[in-house]
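Working notes, structure below.
As the structure is a prediction and not an experimental result, all values here were calculated from the model. The chain is numbered in sequence order, starting from 1. Note: hydrogens, waters and symmetry copies are ignored here, and every other heavy atom, side chains too, is used.
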Amino acid sequence: MTPNEFKNWRKGLKLKQQDVADAFETTVRAVQMWEAGDRPISRVVALACAAISAGLSPVGSSIDAPE
């Protein structure tokens with residue numbers, strides 16, 4: 001997943017960087033670095049994005065799966 005794909009994924013779900021940080025149990029700064037290309041986006045993060053897009057919400061997350 002590229003930084004632009006990640007950012008488009010987040011924006012497509014109308015999520016704030018804080019929402020993603022909370023769901024992935026990381027910091028807003030980490031999300032910003034993924035989006036800027038300053039930190040590699042791991043396969044685990046990409047798979048989590050795909051899972052959320054497929055309708056699965058992270059356990060204990062406040063992110064609702066898209067309808």
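- Of the possible polar contacts, none joining the Asp22 side chain to the Asp19 backbone as a donor-acceptor pair under 3.5 Å is found.
- Of all heavy-atom pairs between Val28 and Ala21, the closest is N-CB, 3.6 Å.
- The cluster map of Ile, Leu, Val, Met, Phe, Trp and Tyr, joined by side-chain heavy atoms under 4.5 Å apart, puts Ile52 and Met1 in the same cluster.
- Atom CD of Glu35 and atom CD of Glu5 lie 13.0 Å apart (nearest 0.5 Å).
- In the hydrophobic clustering of ILVMFWY residues, with side-chain heavy atoms under 4.5 Å counting as a link, Leu13 and Ile41 come out together.
- Of all heavy-atom pairs between Pro3 and Gly37, the closest is CG-CA, 3.5 Å.
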Stepwise side chain to side chain contact (heavy atoms under 4.5 Å, CB included) check, Trp9 with Val20: CA-CA 11 Å; Trp9 168 82; Val20 175; 3.9 Å; yes
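- Among residues two or more places apart in sequence or in another chain, the side-chain contact (heavy atoms from CB on, under 4.5 Å) test is passed with Ala30 by Thr26, Thr27, Arg39.
- Residue pairs that meet the ring pair (Phe, Tyr, Trp, His ring centres under 6.0 Å) test with at least one member in residues 33-55, sequence neighbours left out, are Phe6-Trp34.
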